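Taking it in order: structure first as structure tokens, then the write-up.
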Amino acid sequence: MDNLPWIFVSALLVNNFVLTYFLGLCPFLGVSNSLETSARLGLATTFVMLVTAVCAWVLNTYVLIHAPYLRLICFIVVIASTVQFIEMLIKKLSPALFRAMGIFLPLITTNCAILGLAIFATNRGYGFVEGIVYALGAGIGFTLALVLLAGLREESELSNIPKLIQGTAMNLIIAGVLSMAFMGFAGLFSSS
Amino acid sequence: MKQRDPDLLLFHAPLLRQGMTTPKAMRDVIIALLPATGASLWFFGLAAALVIGSSIAGAVLAEWLFADRASRGESLRDATGILTGLLLGLTLPPGLPMWMAFLGGFVGIALGKVIWGGLGHNLFNPALLGRAFLLATFPIAMTTWVSAHPEGGFFSVYAGNLALPFMQAQVDGVTSATPLGLLKFEQEVTPLTNLMFGKIGGSLGETNGVLLLLGGIYLWLRRDLDWRIPVGILGTVVIFSAFLGLFDAERFPTPLFSVFSGGLLLGAIYMATDPVTSPVTPRGAWIFAIGTGVLVMLIRVFGGLPEGVMYAILLMNAATPLIDRYTQPRVFGHGIEKES
Amino acid sequence: MTADARKQAAAPSSLRLVMTLAIAGLVSGIAIIGIYESTLPTITANKARELREAVFKVLPGVSDMQALVYREGRIVAVPKPQKDEPVVYGGYDERGDFVGYAMPGAGPGFQDTIALLYGYLPSRQQVVGMEILESRETPGLGDKIYKDADFVAEFSALSVEPEIVAVKKGTSTQPNHVDAITGATISAKAVVRIINETHVAWAEQLPAPGTEPPFAGEPADNGTGQ
Amino acid sequence: MKKNESYEEFVKGIWRDNPVFVQVLGMCPMLAVTNSAINAIAMGMASMFVLVGSSFLVSVFRHVIPKQVRISCFIIIIATFVTIADYTLLALVPKVHKELGAFIPLIVANCLILGRQEAFASRYPTRLAVMDALGMAGGFMLALFSLGAVREILGDGALFGFRLFGESFEPWIVMILPPGGFLTLGVILLFFNWFKYKKDEFLADVAEAERSGS
């Protein structure tokens with residue numbers, strides 16, 4: 001029932017995972033002190049989200065339809081093992097990519113945005129293609145929020161922000177303003 | 001917290017454009033805004049003065065409260081608080097309760113400026129931050145547009161203006177939608193002359209496009225303004241509208257309508273050009289301007305809201321550090337620069 | 001690496017590792033199935049009650065309902081629709097006569113997906129009631145689509161042919177006009193669009209008025225019958 | 001002495017090591033569900049149930065679980081408790097469950113809970129582990145409640161659904177929207193910082209005075 005462009009834009013901007021669902025805040029607040037790291041973590045997360053969307057679809061279609069109560073445990077186990085598996089695979093296939101991305105993979109396991117993606121996609125009854133588009137939007141949206149915050153944090157480190165405010169309080173307030181600015185996207189493409 | 005910051009200008013971007021952070025520049029901007037402010041008094045009477053006055057009072061109070069002892073009063077002298085309050089006031093609807101305008105000014109300065117370490121360090125435009133806060137907080141009051149020319153002449157005010165603090169505004173009898181709202185929700189097109197000379201519903205400062213343009217030219221002559229930003233924003237909007245017009249001239253706004261409707265002129269000339277929150281390099285300024293223009297049209301035409309200038313500028317403010325980084329070729333960003 | 005060294009010292013056999021996990025999994029499985037089984041009756045009963053209440057609300061004068069799906073070219077009553085199968089609910093009065101359909105629809109709103117249920121009388125081609133089941137529209141503005149009684153009342157006698165049109169508040173003149181909500185036009189239009197789209201999607205599949213499937217005699221899948 | 005010890009474990013989580021205000025853990029559920037006080041309390045209770053339950057089990061079996069598979073075991077235990085909480089809430093209070101939505105399953109990914117298993121419950125005797133879990137969960141609940149209360153009072157003019165300021169109060173809608181979550185928590189943390197700063201200043205003054213006095 002939902003059209004694909006809207007699913008994408010909705011996950012990317014209107015209902016940005018970080019800025020409106022508060023998912024993935026740990027890396028958002030923790031890792032976003034450098035632009036480079038943020039971009040890499042964002043891309044790695046996007047990749048894992050895509051894989052998760054596929055796994056969630058397979059699980060939903062073939063396993064959980066018979067045993068809905070195992071949903072949570074299945075998702076967690078699958079996400080954790082997928083991340084492990086991807087880690088090993090990348091290490092084998094491309095050591096360079098592993099160096100760039102590898103250290104972030106374990107971090108992603110504990111990122112609630114991934115589990116959130118699987119749960120939201122299931123709750124909304126997304127099919128295979130919808131799930132992939134949703135994951136892509138959510139992942140890029142996560143990366144966007146992370147990179148914007150990292151840029152702003154780097155900028156603010158150059159100024160003499162009062163000591164009281166430095167740290168998490170300031171990051172949260174930047175995030176709040178970003179979230180407010182993203183409200184401008186509400187309704188985007190919903191009427192097309 | 002205890003030390004003053006005499007080294008303010010030693011490490012921050014505005015250094016590259018000398019004169020921009022001095023009281024002189026601030027006063028120039030205020031002078032440039034005077035005709036538009038006068039027009040808002042002409043159209044909306046005393047109500048305009050009450051709303052603008054309250055937002056200035058809120059901004060100045062925040063400056064005063066949060067400044068540490070050493071620099072207290074400095075910001076009053078360099079008039080930045082007053083300018084923020086004035087800019088915010090001009091973006092507010094005429095019938096807004098005074099206490100909301102006051103709150104907007106206060107929040108704009110407190111969250112938009114003070115916590116970043118004061119003048120020259122803010123990441124977002126304080127006036128727009130205050131407005132975004134108000135719009136998210138009081139969406140109904142902030143989108144209730146009363147008609148110009150109140151019945152009782154200059155000294156009559158709207159019932160909404162006088163609402164007690166924290167209490168709801170009374171709804172005025174005659175409301176009128178903004179031209180953008182009319183276009184978006186009723187498919188009604190407002191005649192261009194009305195847009196240019198102010199016979200429309202809208203915020204205090206956006207009703208008279210010609211005076212805003214004149215102020216911009218004054219600022220440009222005084223070299224207080226990076227002309228690339230307004231030119232880039234307006235140019236992008238014109239091209240975007242013309243392009244859409246090729247598909248469906250009925251449904252989409254004409255280029256001139258796009259330029260003169262809503263807060264585009266106010267935002268493009270007086271807010272996007274804030275040197276602290278826009279990129280330093282000329283190329284960065286172009287990217288910033290084009291991005292703002294595209295976002296404005298995206299939100300206006302495809303979004304759920306009739307107007308998107310404020311959000312567009314805030315979003316580009318957020319992207320400014322990234323733009324700055326990738327437009328300084330020596331430091332970073334080989335290869336990526338070609339993207340622009 | 002010291003942690004590794006410590007592990008080496010205590011190195012339990014891999015059998016023990018597998019056994020631990022297996023036992024943990026087993027116990028956890030039993031616990032989960034236990035809680036699932038013991039809460040299932042209440043949960044399904046709750047859900048069925050909510051659904052019945054919603055259906056009765058959008059279809060005045062209805063006292064029974066059953067789920068209807070489109071299979072093999074016609075609308076049939078089923079005790080339990082399959083997952084992901086589009087379904088409408090038939091509403092029947094006390095004598096078991098067909099009254100109208102309660103049709104679920106969903107689509108993008110201002111902020112997120114809006115899910116709703118509306119009552120439809122095929123004989124009159126009219127919408128007779130509307131209830132929002134799920135929405136995240138802006139508090140104070142968009143949420144008027146369910147909090148504003150005047151707006152909800154607009155859907156109590158509304159023609160769907162030609163399609164419903166949302167017009168500026170106070171200007172509705174035709175039987176297919178809905179007064180939009182001032183300041184929340186997008187949300188109001190989204191509701192209208194969802195109803196129109198759902199109507200079009202089902203228009204071909206619903207049987208001619210008067211030939212609706214009769215009430216099957218037992219309660220539809222409402223969980224009470226298990 | 002023993003008694004003091006467990007009391008100490010309890011109190012530290014509530015204030016000194018408050019999981020949200022001091023350690024900045026568990027932010028996702030923290031911000032997402034605190035748009036009203038009742039939701040905040042429900043989320044706090046669910047988290048407390050999960051945290052205390054899994055801490056108890058982990059501590060009881062801490063010598064049985066091999067180190068290599070401990071994380072997997074913790075996750076299985078936590079996920080089990082979360083599923084139990086999920087179904088119980090759905091059965092007993094469907095309305096609250098609908099409000100909290102997908103954020104109940106997301107308790108699993110709350111780093112606070114896994115963190116306590118790893119850092120405390122798997123190393124200490126059961127009594128202390130439970131006290132620690134109670135303290136941490138209490139601190140978490142306190143934080144959730146204060147955020148939820150502030151947001152509901154300003155954003156809706158009410159607390160637990162009771163109107164506080166009469167009908168003509170103009171609600172600050174932003175507070176129950178996502179930006180309000182970020183901003184409120186940011187400002188609360190600011191106050192915490194300010195409080196600490198003042199306290200340090202005061203202690204320094206006292207020390208100064210003592211030194212000059214003696």
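Since we're looking at a predicted model, the values are computed, not measured. Every chain is numbered from 1, with letters handed out A, B, ... down the list of sequences.
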### Message
More than 12 heavy atoms of other residues, nucleotides or ligands under 6.0 Å from CZ of F160(D): yes or no?
### Response
yes
### Query
Considering residues, nucleotides and ligands other than F49(D), do more than 12 of their heavy atoms fall under 6.0 Å from its CZ?
yes
#### Entry: Choice from P171(D), G186(D), P179(D) maximising heavy atom contacts with chain B below 4.5 Å
P171(D)
### I140(B) portion near chain D, given a 4.5 angstrom heavy-atom threshold
neither
### Message
So for L183(D), is it side chain, backbone, both, or neither that comes closer than 4.5 Å to the heavy atoms of chain B?
### Response
side chain
### Query
Which heavy atom in W99(B) sits nearest to a heavy atom in E170(D), and how many Å separate them?
CZ2-CB, 4.0 Å
### Message
Check this for me: M45(D), atom CE, are more than 12 non-hydrogen atoms of other residues, nucleotides or ligands nearer than 6.0 Å?
### Response
no
### Message
Would you say that more than 12 heavy atoms from the other residues, nucleotides or ligands in this model lie under 6.0 Å from the CZ of F192(D), or not?
### Response
yes
### chain D interface, residue from L135(B), L103(B), I115(B), T137(B) that has the most non-hydrogen pairs under 4.5 Å
T137(B)
### Message
For a 4.5 angstrom cut-off between non-hydrogen side-chain atoms, does F133(B) reach V174(D)?
### Response
yes
### Query
What do you reckon, is CZ of F165(D) surrounded by more than 12 foreign heavy atoms closer than 6.0 Å?
yes
